[in-house]
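This report concerns only the one structure given below.
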Amino acid sequence: MMRSSSEKAIRSNPKAVVLFGPTAVGKTAMTENLFSKGFEIINADSIQVYRGLDIGSAKPDPELRKKIKHHLVDIRDPWEDYNSGEFCIDAISLIHEINSRGSIPLITGGTAYYFRQLMYLPAKTPQSDPGIRKSVKEEISAKGDEWAYSYLSQVDPASAKRINSHDMYRVSRAIEVYRQTGMPLSSFSVSDKIRDDVDFAAVGLRRPKAELDKRIAMRVDMMFDMGFYDEIKRLIREGAQPSWPSMEAIGYREFFEARENPESSLRSIKESIIRNSSRYAKRQMTFFQSFSDAVFFHPEDEEGIRRYIESKLGIQLCVSTS
RNA sequence: GGAGAGGUUCCCGAGCGGUCAAAGGGGGCAGACUGUAAAUCUGUUGGCUUAGCCUUCGAAGGUCCGAAUCCUUCUCUCUCCA
């Protein structure tokens with residue numbers, strides 16, 4: 001009986017709460033209040049997966065992690081790769097696992113692309129082959145960006161049309177997929193409808209820009225007070241390179257950039273971390289806003305969020321009044 | 001007190017008679033997003049009743065058909081000599 005048209009089949013879908021919002025909007029505080037009972041957290045933050053990047057990635061503290069089970073945090077070393085494809089696989093299996101335990105997964109974080117891939121189903125492109133990726137990169141740096149784009153225009157005109165000719169990140173990936181599969185990237189279709197094998201309640205957190213910027217500045221200050229500089233020094237002592245995937249993160253990469261420019265003070269590094277965070281927050285917001293199934297709340301509207309989740313998933317939240 | 005350099009749009013900085021609302025960069029604002037996404041890229045950035053008009057290049061005058069660009073005075077900043 002594989003037919004899934006019946007109500008019974010729909011009811012048997014696993015449930016998941018999805019909670020996203022820009023950096024410093026107040027996701028963690030909310031988590032503690034609304035989801036400390038009956039939930040397990042699936043982290044959807046591409047930096048918090050890395051061990052040793054604690055302060056700079058605003059990782060939930062050990063106390064909270066003891067109180068609520070967190071998944072997909074500290075699962076990689078800082079020189080390792082992790083990506084949206086792996087996230088989707090990990091997250092979907094955790095969604096089933098957590099549901100089978102009678103708990104509900106709370107997927108929360110700030111990596112909009114991970115949410116997009118998970119909720120709307122990832123494209124069926126294969127996992128990247130590091131060797132092919134490297135050789136494509138080398139070829140582009142030898143032959144130039146113009147060559148790359150015109151090559152893509154020949155082998156995959158549809159993708160070339162969609163991708164901006166200066167966007168080497170995407171041009172390179174499209175060429176890589178063609179080299180790897182012999183098929184144009186554009187032949188792998190993507191969905192713009194939310195997947196129907198999980199019941200999602202998608203909550204977006206939003207604050208006015210000025211309010212958010214203030215919190216970002218405060219949080220960066222707080223990170224330095226908490227010993228962020230020591231964290232950086234420790235990572236560098238352990239051999240951290242700007243080429244490590246984790247070191248592209250805001251807060252970390254500024255220190256490598258500062259090496260090139262000896263006049264930059266700790267103060268100016270801090271300022272650029274704040275600026276980059278606030279720009280990042282904006283990019284996150286515009287991405288989140290494109291999710292058709294998301295409902296947005298101010299983080300202080302916990303009552304509204306609770307009611308929305310309860311009615312969307314047909315459950316009751318036990319709210320802790322701490 | 002003397003000699004020189006200079007004050008340009010939010011900032012830095014080009015322009016040195018018309019094609020200048022003014023290059024370029026920064027910052028701001030908006031957007032995109034097919035297994036690298038805290039990444040990468042795009043558009044926009046004086047005002048308005050927007051095929052046009054108005055206000056802008058330290059200030060005030062002047063020359064000219066026409067000035068950010070030339071002249072005069074004033075003012076402010078910087079460097080050097082006293």
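In what follows, every chain begins at residue 1, and chains take the letters A, B, ... in the order their sequences are listed. Both backbone and side-chain heavy atoms feed into the values below; hydrogens, waters and symmetry mates do not.
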For the pair made of OH in A/Y113 and C1' in B/rA39, what is the distance, rounded to whole Å?
11 Å
I'd like the P distance from B/rG62 over to B/rU56, given in whole Å.
16 Å
When the C1' atoms of B/rA59 and B/rC76 are compared, how many Å lie between them, rounded to an integer?
10 Å
Starting from the C-alpha separation in whole Å, work towards a yes-or-no answer on side chain to side chain donor-acceptor pair (under 3.5 Å) for A/D90 and A/Y82.
CA-CA 11 Å; A/D90 293 344; A/Y82 189 68; 2.7 Å; yes
Options B/rA30, B/rG35, B/rU36, nucleotide nearest the side-chain atoms of A/R133
B/rU36
Reckon A/S159 touches a base, only the sugar-phosphate, or nothing at all at heavy-atom distances under 4.0 Å?
nothing
With a 4.0 Å limit, can you tell me whether A/T125 has a side-chain N or O closer than that to the phosphate oxygens OP1/OP2 of B/rG35?
yes
Under 4.0 Å between any heavy atoms, over every strand shown, what does A/K282 touch: base, sugar-phosphate, or nothing? Just pick one.
sugar-phosphate
Write down the partner of B/rA30 under the Watson-Crick or G-U wobble criteria, each distance required to be under 3.5 Å.
B/rU42
Ring geometry between A/Y120 and A/F291 (parallel below 30°, tilted from 30 to 60°, perpendicular above 60°)
tilted
Heavy atoms only, 4.0 Å cut-off, all strands: where does A/D81 land among base, sugar-phosphate and nothing?
nothing
Before accepting this row, confirm whether a basic side-chain N of the pair A/D74/A/K59 lies closer than 4.0 Å to the acidic partner's carboxylate O.
yes
Quick one, which residues of residues 286-293 of chain A touch RNA chain B with a heavy atom under 4.0 Å?
A/T286, A/F287
Can A/R234 and A/D230 be counted as an ion pair, charged N to O under 4.0 angstrom?
no
Using atom C1' in both nucleotides, what's the gap between B/rU34 and B/rG27 to the nearest angstrom?
33 Å
Tell me which nucleotide, if any, is Watson-Crick or G-U wobble paired with B/rC20 when both distances must be under 3.5 Å.
none
So what does A/G109 touch, heavy atoms closer than 4.0 Å: a base, only the sugar-phosphate, or nothing?
nothing
Sugar-phosphate, base or nothing in reach of A/E248, heavy atoms under 4.0 Å
sugar-phosphate
Do A/Y252 and A/E231 pair up side chain to side chain, a donor and an acceptor below 3.5 Å, judged on atom types alone?
yes
Could you check which nucleotide pairs with B/rA14 in any of the strands shown, counting Watson-Crick or G-U wobble with both distances under 3.5 Å?
none
Separation of the P atoms in B/rC65 and B/rU75, to the nearest angstrom
32 Å
Pairing partner of B/rA59 (Watson-Crick or G-U wobble, both distances under 3.5 Å)
B/rU73
Out of B/rC29, B/rG28, B/rU40, which nucleotide sits closest to the side chain of A/R275?
B/rG28
Provide the distance between the two P atoms, one in B/rA68 and one in B/rG58, to the nearest whole Å.
10 Å
Would you mind checking if A/D221 and A/K270 are paired as a salt bridge, meaning a charged N to carboxylate O distance below 4.0 Å?
yes
B/rU36 pairs with which nucleotide, Watson-Crick or G-U wobble, both distances below 3.5 Å?
none
Starting the side chain at C-beta, find the nucleotide from B/rC29, B/rG28, B/rU34 nearest to A/R279.
B/rG28
Any side-chain N or O of A/R283 under 4.0 Å from OP1/OP2 of B/rA39?
yes
Given the side-chain rings of A/Y308 and A/F296, with only the six-membered ring counted for Trp, is the space between their centroids under 6.0 Å?
no
Just to be sure I understand the rule, does A/Y82 reach a base, reach only the sugar-phosphate, or reach nothing, if contact means heavy atoms closer than 4.0 Å?
sugar-phosphate
Distance check, C1' atoms only: B/rA82 and B/rU73, in whole angstrom units.
27 Å
NA contact type, A/K137, heavy-atom cut-off 4.0 Å: base, sugar-phosphate, or nothing?
base
Just to be sure I understand the rule, does A/E86 reach a base, reach only the sugar-phosphate, or reach nothing, if contact means heavy atoms closer than 4.0 Å?
base
In this structure, how many angstroms lie between the C1' atom of B/rC29 and the CG atom of A/D213, rounded?
12 Å
Distance check, C1' atoms only: B/rG17 and B/rG31, in whole angstrom units.
41 Å
Determine the contact category for A/F87: base if any of its heavy atoms lies under 4.0 Å from a base atom, sugar-phosphate if only primed atoms, P, OP1 or OP2 are that close, otherwise nothing.
nothing
Nearest whole angstrom, please: distance from the P of B/rA39 to the OH of A/Y50.
13 Å
With the threshold set at under 4.0 Å for non-hydrogen atoms, list the residues of residues 160-182 of chain A touching RNA chain B in residue-number order.
A/R162, A/N164, A/H166, A/D167, A/Y169, A/R170, A/S172, A/R173
If you apply the rule salt bridge (Lys or Arg N to Asp or Glu O under 4.0 Å), what do you find for A/K134 with A/E138, and how did you get there?
CA-CA 6 Å; A/K134 188 157 173 272; A/E138 283 167 1; 3.4 Å; yes
Nearest to the side chain of A/N83, which nucleotide is it out of B/rU34, B/rA30, B/rU36?
B/rU36
Heavy atoms only, 4.0 Å cut-off, all strands: where does A/T111 land among base, sugar-phosphate and nothing?
sugar-phosphate
When A/K209, A/K214, A/R207 are each screened for side-chain hydrogen bond (donor to acceptor under 3.5 Å, both in side chains) with A/E211, the one that passes is A/R207
Can you work out whether A/A112 or A/L185 has the more 5'-proximal nearest nucleotide on RNA chain B?
A/L185
Please name the nucleotide paired to B/rG1 by Watson-Crick or G-U wobble geometry with both distances under 3.5 Å, or report none.
B/rC81
Considering only the P atoms, how many Å lie between B/rC71 and B/rC53, rounded to the nearest integer?
30 Å
Side-chain ion pair, A/R76 and A/E86, N-O less than 4.0 Å:
yes
B/rA67: pairing nucleotide in any strand, Watson-Crick or G-U under 3.5 angstrom:
none
Which residues pass the salt bridge (Lys or Arg N to Asp or Glu O under 4.0 Å) test with A/K124, sequence neighbours left out?
none
Geometric class of the A/F228/A/F224 ring pair [parallel <30°, tilted 30-60°, perpendicular >60°]:
perpendicular
Quick check on the hydrophobic clustering: are A/L121 and A/L94 connected, directly or via other members, by side-chain heavy-atom contacts under 4.5 Å?
no
Nearest heavy atom decides the nucleotide; on that basis, is A/Y280 or A/V190 closer to the 5' end of RNA chain B?
A/V190
